[in-house]
Protein chains: 2
Amino acid sequence: MKTRLIDVAEEAQVSLTTASRALGGFDDVATATRRRVEDTAQRLGYVPNISAQRLRRRRTDMLGLILPADETGFGEPFFAEFLAGVGEEASTVEQHLLLTAHPPGSTAERETYLKVVRGGWVDGVILIRLRWEDARVDLLRGAGFPFVAFGRTNDVDGYPFIDEDSVAGLGILVDHLVQLGHSKIAFVRGPDDITFARHRLTGFETAMTSHRLPVPDRYLLSGDLRRESGAEAMSELMDQTHPPTAVIFCNDMMALGGMEEAVGRGVVVGRDVSIAGFDGIGVGGTTAPGLTTLRQPIQEIGRRLCRILLEHIDDDTRANRHVLLVPEILVRGSTGPAPTPRRCGVTRSVSERREG
Amino acid sequence: MKTRLIDVAEEAQVSLTTASRALGGFDDVATATRRRVEDTAQRLGYVPNISAQRLRRRRTDMLGLILPADETGFGEPFFAEFLAGVGEEASTVEQHLLLTAHPPGSTAERETYLKVVRGGWVDGVILIRLRWEDARVDLLRGAGFPFVAFGRTNDVDGYPFIDEDSVAGLGILVDHLVQLGHSKIAFVRGPDDITFARHRLTGFETAMTSHRLPVPDRYLLSGDLRRESGAEAMSELMDQTHPPTAVIFCNDMMALGGMEEAVGRGVVVGRDVSIAGFDGIGVGGTTAPGLTTLRQPIQEIGRRLCRILLEHIDDDTRANRHVLLVPEILVRGSTGPAPTPRRCGVTRSVSERREG
DNA sequence: GAGCCTATCCGAAACGTTTCGGACGCGTCG
DNA sequence: CGACGCGTCCGAAACGTTTCGGATAGGCTC
């Protein structure tokens, strides 16, 4: 069977207490004794039972990460990259991750949160893809349970978060397109209950008005952040009699779908139409042409959130740490000069451009 | 503070035992009593403390998944998709995942396995990317600890696994290329200690000899399975005086790197040179042209492995379940007819092909 | 030699469950 | 009427740690 501490103690001829304290590194045990205990522990292959340790210490060294599941689950590149960051940081500080996925807003999601929090499953929780009004935040904040968020709710008091400054980001992106000569710019927004989707829409509208550019209703479509939905929106835009010359998608996944749709129709992305996204997920750099996007350092954010959470667990006074990052624009082949009016429409499908 | 079972018991005027048995669904408690206990539990928001439960039940309802970490960690599409499958299945049967990543073969990896197994962290372990001689398998098998594997070692006795039939797969792929008229086919192999890399090489060699096609040494390169390494191999191949007309990569990631390299040199993939991979990761369908590959249902394998592991935990006699899947070929734009000899080399960069 | 201090050790309680082995009361049967 | 069975209930031990509050022994000071 598995070796228990008492086995080590008996073998080393000391009491249970002394064995525990010897291995725990306390200074009230003689050096010779400590060495003897350590040796036998080693020899017997002793590893403390973690459930007992946790029960007694009232600390699990586990962090909870409950993903909003769609079909793809953890497979979505955005989550995968985030996970990579959190996981890496966690493992360097001897913490572990508890992963689950549930449909956003479902009762299953709520129940998992209850279990995880009240059942002492984890010491803290990391929230991701925050909603404008987010029951998870209310629940955790109400219970006084330590958590951090990637993104924010409408009322940001009492919990630490990191978020990107979407408004600033879209300003940068619109500037870029305007400089390239675009004025007919469409925007594919995300679901209104997701905070960043709201902010990105606001950012787009603000930027457009500051350039005194109109945004006709037909240039403002809605998607659900998934790839297919981006393709549909693109299709709808291109079917219009006066299609836009540039399309900004609320996130990269939709933008990739949009590119696919355009390419499928024989349109040359970056020349006939410009496309841009938001997030900077890895695959965006590997398509042809590459996707122009606003990069947020997803992995790095994961790492930082993990660190903040741990500090927050040990010291719950540091609750109001809010970090807002300005995303960096990544200009790649998918955006280019606006086509001159007489040359518009799809003619030849020969491309001379190549991504730099 | 958190409500404990004893709080519920006192509130409901029963003993601790009865409260426990009422909530546990035993039939030796009167219906009225049971209802009373359930109600108060509900009202007090009682959730059992999981560490205590685990300690007592000697069961954690947790499965361990220790990934071979490189820089990208969980971010690698192959792992991400696999994770999605395992995670989904686990959550439908109320199991949870313990995730960590360690460099393959490192002492950190070994120590984590020891802790996880001897410290009772999880009930079973899922292994992935098996090595030809795999210390993890020896350790787990030696300890009699339940585990399943995606892939296999040289000696497959005493543990359940699912693996793809790489030899058959490469047969299919080589047939496909031969039918397209290719005879100068190169292969970029993976590290020799990884089992599937061995099998895929064997499969390639067998298929080539059965078609009586030679495989000169210069057409046999090595990579480390990562994207960049695929690009390097491709570059080396294309610099040869008599470059191959088709290149098979040991996995999709390297194939994607190879495609990038080719495209970057102005070569039209699928016309000037054919490229194929192995795995069928999602992104392979989104490049232009799409990557021809051998698809293994990664997510589905994740789900199945999870199920097998759970059965194996409850009943350790079912240890020798070996599943071998024949991968399915996904023909996309990256493979096409072999260029005719006189037309060879790179001339125009205009492409008329498009992925169907 | 009494008093005190330090270094080293240990007994027992606690963490919050589950579960074994009964106990109790009441009706039924021979 | 005693034995037995059945439906309910409960006390106490156990799971494997950590830690509080001493206990013991030896050395030092006065």
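Computation of the quantities below employed the complete heavy-atom set of this structure, encompassing side-chain atoms and omitting hydrogens, waters and symmetry-equivalent molecules. The shown structure was predicted, so the numbers you read here are calculated from the model rather than taken from an experiment. Numbered from 1 within each chain, the chains take letters A, B, ... in sequence-line order.
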Exercise for the section: Give the intermediate values and the outcome of salt bridge (charged side-chain N to carboxylate O under 4.0 Å, His left out) for residues Arg36(B) and Asp39(B). Expected result: CA-CA 5 Å; Arg36(B) 189 153 35 93; Asp39(B) 285 352; over 6 Å; no
Distance, rounded to the nearest Å, where [X] contributes [atom1] and [N] contributes [atom2]:
{"X": "Glu10(B)", "N": "dG16(C)", "atom1": "CD", "atom2": "C1'", "result": "13 Å"}
{"X": "Tyr46(B)", "N": "dT18(C)", "atom1": "OH", "atom2": "C1'", "result": "10 Å"}
{"X": "Arg59(B)", "N": "dT19(C)", "atom1": "CZ", "atom2": "P", "result": "13 Å"}
{"X": "Leu23(A)", "N": "dT19(D)", "atom1": "CG", "atom2": "P", "result": "13 Å"}
{"X": "Arg21(A)", "N": "dG11(C)", "atom1": "CZ", "atom2": "P", "result": "14 Å"}
{"X": "Arg35(B)", "N": "dT8(D)", "atom1": "CZ", "atom2": "P", "result": "13 Å"}
{"X": "Phe26(A)", "N": "dC20(D)", "atom1": "CZ", "atom2": "P", "result": "8 Å"}
{"X": "Asp27(A)", "N": "dC9(C)", "atom1": "CG", "atom2": "P", "result": "12 Å"}

Problem - With sequence neighbours excluded, residues passing ring pair (Phe, Tyr, Trp, His ring centres under 6.0 Å) with Phe147(A) - result: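 Scan of Phe147(A) (ring pair (Phe, Tyr, Trp, His ring centres under 6.0 Å), adjacent residues dropped) gives Tyr159(A).
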Handout entry: Side-chain donor/acceptor contact of Thr17(A) with base of dT19(D) under 3.5 Å
Key =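 Yes, the side chain and the base share a sub-3.5 Å donor-acceptor pair.
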Handout entry: Side-chain heavy-atom pair Leu23(A), Glu38(A) within 4.5 angstrom cut-off
Key = yes
Closest listed nucleotide, where the reference is the side chain of [X] and the choices are [options]:
{"X": "Thr33(B)", "options": "dC10(C), dG16(D), dC9(D)", "answer": "dC9(D)"}
{"X": "Arg56(A)", "options": "dT19(C), dT8(D), dA13(C)", "answer": "dA13(C)"}
{"X": "Arg58(B)", "options": "dT17(D), dC15(D), dC10(D)", "answer": "dC15(D)"}

Fill in the blank from the handout: Assert: residue with more 5' nearest nucleotide on DNA chain D, out of Ala19(B) and Ala52(A), is Ala19(B)
Fill in the blank from the handout: When rounded to the nearest 0.5 Å, the distance separating CZ of Arg304(B) from CG of Leu325(B) is 6.0 Å
Check the phosphate of [N] against [X], side-chain N and O only, distance under 4.0 Å to OP1 or OP2. Yes or no?
{"X": "Thr18(A)", "N": "dC10(C)", "value": "yes"}
{"X": "Gln53(A)", "N": "dG16(D)", "value": "no"}
{"X": "Ser20(A)", "N": "dT18(D)", "value": "yes"}

Practice task
Might you confirm whether atom CZ of Arg307(B) has over 12 heavy atoms from other residues, nucleotides or ligands at distances under 6.0 Å?
Solution key: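 Counting other residues, nucleotides and ligands, CZ of Arg307(B) exceeds 12 neighbours.
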Exercise for the section: Identify whether any heavy atom of Ser51(B) sits under 4.0 Å from a base atom; if not, whether one sits that close to sugar-phosphate; answer base, sugar-phosphate or nothing. Expected result: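 Counting heavy atoms under 4.0 Å across all strands, no contact is made by Ser51(B).
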Practice task
Please work out if Asp28(B) contacts a base, only the sugar-phosphate, or nothing of the nucleic acid, heavy-atom cut-off 4.0 Å.
Solution key: base
Practice task
Report the residue (Leu16(A) or Leu5(B)) whose heavy-atom-nearest nucleotide on DNA chain C is the more 5′ of the two.
Solution key: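 Between the two, 5'-proximity favours Leu16(A).
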